[in-house]
Amino acid sequence: MVVKRVRTRFAPSPTGYLHVGGLRTALYNYLFAKKMDGDFIIRIEDTDQTRKVEGAEKNLIRMLEWAGIIADESPERGGNFGPYVQSERLDIYKSYCDQLLEDNHAYYCFATSEELEENRQLQLKQGLQPKYNRKWLPEELGGSVPASEIRKKLDAGDPYVIRMKVPDYVSVWFEDIIRGPIEFDSATIDDQVLMKSDGFPTYHFASVIDDHLMEFTHIIRGEEWLPSMPKHLLLYEFFGWEPPKVAHLPLLLNPDRSKLSKRQGDVAVEDYVRKGYSSDAIINFVAMLGWNEGEGSEQEVYSMQDLIEKFSLERVGKAGAVFNVDKLNWLEKQYIKQRPAEKILGVIKPILAAELEQRVSLMPLEVITGDEYLKKVIELMRERVGFEHEFVTFSPYFFFEPDSYDEEAVKKRWTADTNELLREFTDILYALESFSAENIEVKLKEFVAPKGLKAAALIHPLRILASGVSFGPSLYHMLEVLGKETVLRRILKGIELITFSELPLE
RNA sequence: GGCGUGUUCGUCUAGUGGCCCAGGACAUCGCCCUCUCAAGGCGAAGAUCACGGGUUCGAAUCCCGUACACGCUACCA
């Protein structure tokens, strides 16, 4: 038997931003396809014209690309199974629907939405499952409506929908890759609308047609689609098509375990991008929400390549997972620690440029915007920042003069002769030929020892004057990177501004 | 209401009949390192495996029931 090339899809509707749950669905489809040496396709499901949002389709594809999920076929890329936008496939749905009508698997329904709603309320009140009451089921299909009456309504141009005729007394069974066997009784399946009165197909109809015509071998989608699986299966049966394998993914949840939603945090991938998360961390994090390598693996950090190699649908969990930002933050740090400086440069340069338009720097611009300088800053700060943009914003003193000094720190670290010590030490620094961390350290220790002082007596004040804050990288290395001129300028300025006598004595 | 799915530390999870009075990671706390902050190292605390019945010499793991949660129940996807 010839094994078919694996084809999977992500089929979003262009109604807005890319949801992180959607990102994970797309990722799993992508990982599975790539793992199996197959193709990953993007199809746009825009059959609800009222919910369509301008620009959403482009944005969706952009965000997936940002995440490293590149489609083999898509509306933008094309392919042999297009068009990849459902609103451009209307004639296809129409002809397949005609076939169903002809084969008595579907029928016209002229019920108004008011009628339908009334019926629904009635059934609900009676404790029944709300279902279409088959008022318009034709005689040939076991109903009571004569063909002539349908013909009359049609000729009169009355609006109608087309519904599928669900067979009575059958049970629909299928095997979900991650959940195992699932069975439904046809009595619980509604006569789903296939074609809406505006001539557009419903999701259910369009996706079945397209999934078959586009030759997908595996459908991987959210758990919310599980209950509509029997309808889809019935359609495959009507057409005599072999259904693809299916896997229904568990939901992503809010901290209170409700379905992940706005209000309790960010749900759009865009939100996380804006906050500075990298695609490495987002992909890694989202992949682990519901999937794990198993077999005693304790690996936490996975590159996209790792994921492709190790992913399998069988190892996707069944229960919903809470989207926990703490772990995402930790992952982001892991990536910052290991990311090549060159890559980080590309991200922080524009951020720095923007900052420099807002604030004036007293440091030589060509130096502080240069690769050499920025790389040194990156190496000093990479274990201390949570996001790449913090290379600029968390330690602005690498680019700008401190505009204040941490009051608490000054209070804690200043004594009556701190300023005098700093003044004296400034001369030593000034005379220093090579302004290196080692030299500064040696000089500082030489300076402080005969006075019977600890290095800390000078280290902390120096840090505060050079940076404005009491925390940061190794003082000596920090001073070296800042450079002699800047360091001296900041110390001199600082001892002018900070006067010990002004400090409250305790 | 009906149908469906799910349920192991706060969170993500390992675990597919004996190795589990349950392992790892994040978060929390403590100690070490240390010029601060991180990072790192070590350690602590944290799960009566939702509950109740079976099956079995033996169950987190198999079966049945209950509870709870979530999803679906549209001419939305």
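All figures in this text were calculated on a predicted structure; none of them were measured in a lab.
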Measure CG/A:N324 against P/B:U28 and give the value in whole Å, please.
11 Å
Between B:A27 and B:C12 - P atom distance, rounded Å:
15 Å
Got A:K333 and A:F387 here, is their nearest side-chain heavy-atom distance under 4.5 Å?
no
Applying a 4.0 Å non-hydrogen cut-off, can you work out what A:G290 is touching in the nucleic acid: base, sugar-phosphate, or nothing?
sugar-phosphate
So what does A:R315 touch, heavy atoms closer than 4.0 Å: a base, only the sugar-phosphate, or nothing?
sugar-phosphate
A:L479 CG to B:U36 P, in whole Å, measures 15 Å
If you draw the axis of the six-membered ring of A:Y132, does the NZ or CZ of A:R134 fall within 45° of it and under 6.0 Å from the ring centre?
no
I'd like a table of donor-acceptor pairs (distance under 3.5 Å, sequence neighbours excluded) in which one partner is a side-chain atom from residues 461-468 of chain A, with atom names and distances.
| unit_1 | atom_1 | unit_2 | atom_2 | d |
| --- | --- | --- | --- | --- |
| A:R463 | NH1 | A:P473 | O | 2.9 |
| A:R463 | NH2 | A:P473 | O | 3.0 |
| A:S467 | OG | A:R463 | O | 2.7 |
| A:S467 | OG | A:V469 | N | 3.1 |
| A:S467 | OG | A:V469 | O | 3.0 |

Please give the distance between the C1' atoms of B:C35 and B:A45 as a whole number of Å.
32 Å
Counterpart base for B:A74, defined by Watson-Crick or G-U wobble contacts under 3.5 Å:
none
So if I take every side-chain heavy atom of A:I182 and compare against B:G71, B:A38, B:U5, which nucleotide ends up nearest?
B:U5
Neighbours of RNA chain B within residues 186-200 of chain A, by heavy-atom distance under 4.0 Å:
A:T188, A:V193, A:K196, A:S197
Atom-to-atom span, CG of A:L475 to C1' of B:U34 - whole angstrom
13 Å
Can you measure A:K327 atom NZ to B:U13 atom P for me and round it to whole angstrom units?
9 Å
B:C76 phosphate, OP1 or OP2, under 4.0 Å from A:T47 side-chain N/O
no
For A:D256 and B:U11, what is the distance between atoms CG and P respectively, to the nearest whole Å?
12 Å
Starting from C1' on B:G1, measure out to NZ on A:K131 and report it in whole angstrom.
15 Å
So which one's nearest nucleotide on RNA chain B is more toward 5', A:C109 or A:P227?
A:P227
Can a cation-pi geometry be assigned to A:K165 and A:Y107, taking NZ or CZ under 6.0 Å from the six-membered ring centre and within 45° of the ring axis?
no
On the side chain of A:S113, is there an atom forming a donor-acceptor pair with the base of B:C75 - under 3.5 Å, no angle test?
no
Under 4.0 Å between any heavy atoms, over every strand shown, what does A:A111 touch: base, sugar-phosphate, or nothing? Just pick one.
base
When you compare B:C3 with B:G65, how far apart are their P atoms, in angstrom units rounded to a whole number?
13 Å
Tell which nucleotide pairs with B:A25, taking only Watson-Crick or G-U wobble pairs whose two distances are both under 3.5 angstrom.
B:U11
Kindly say if A:R120 contacts the phosphate of B:U73, meaning a side-chain N or O under 4.0 Å from OP1 or OP2.
no
Near RNA chain B, which residues from residues 453-473 of chain A have a heavy atom under 4.0 Å away?
A:I459, A:H460, A:R463, A:S470, A:F471, A:G472, A:P473
Hey, can you tell me if A:F323 and A:Y272 have their rings parallel, tilted or perpendicular (30° and 60° cut-offs)?
tilted
Using both distances under 3.5 Å as the test, list the Watson-Crick or G-U wobble partner of B:A69, or none.
B:U5
Would you mind classifying the nucleic acid contact of A:K337 as base, sugar-phosphate or nothing, using non-hydrogen atoms under 4.0 angstrom?
sugar-phosphate
Exercise: do A:Y302 and A:E293 side chains pair donor with acceptor under 3.5 Å:
yes
note: A:E408, atom CD; B:U36, atom P; distance rounded to Å ~ 18 Å
Over how many whole Å does the gap from A:F285 atom CZ to B:A25 atom C1' extend?
12 Å
Does the structure place the NZ or CZ of A:K445 under 6.0 Å from the centre of the six-membered ring of A:F447, at an angle of no more than 45° from the ring's axis?
no
Taking B:U16 as the reference, what is the distance to B:C72 when you measure between their C1' atoms (whole Å, please)?
30 Å
Taking only the C1' atom of each, what is the distance from B:U48 to B:A59 in whole angstrom?
15 Å
Only one of A:L253, A:V322, A:D266, A:N254 passes side chain to side chain contact (heavy atoms under 4.5 Å, CB included) with A:L260; say which it is.
A:N254
Could you check which of B:G1, B:A38, B:C70 has an atom nearest any side-chain atom of A:L251?
B:C70
For nucleotides B:U61 and B:C49, find the distance between their P atoms and express it as a whole number of Å.
9 Å
Using a 6.0 Å cut-off, check whether atom CD of A:E237 has over 12 heavy atoms from anything other than its own residue.
no
Quantified in whole Å, what is the P atom distance between nucleotide B:G10 and nucleotide B:G46?
11 Å
With a 3.5 angstrom cut-off on both distances, give the Watson-Crick or G-U wobble partner of B:C33, or none if there isn't one.
none
Re B:C62: Watson-Crick or G-U wobble partner, both distances kept under 3.5 Å, found to be B:G54
Counting just side-chain N and O atoms, does A:R257 come under 4.0 Å of either OP1 or OP2 of B:C12?
yes
Would you say the ring centers of A:F285 and A:W330 fall short of 6.0 Å from each other?
no
Of A:F323 and A:W225, the one whose closest nucleotide on RNA chain B sits nearer the 5' end is A:F323
Classify the ring geometry of A:H212 against A:Y236: parallel below 30°, tilted from 30° to 60°, perpendicular beyond 60°.
perpendicular
Hey, does A:R179 reach any base, or is it just sugar-phosphate, or nothing, if we go heavy atoms under 4.0 Å?
sugar-phosphate
Option from A:L137, A:I150, A:V161 for which side chain to side chain contact (heavy atoms under 4.5 Å, CB included) with A:C109 holds:
A:V161
With rounding to whole Å, what would you report as the distance between B:A38 and B:C29 at their P atoms?
11 Å
For B:C20, which nucleotide is its Watson-Crick or G-U wobble mate, given both distances must be under 3.5 Å?
none
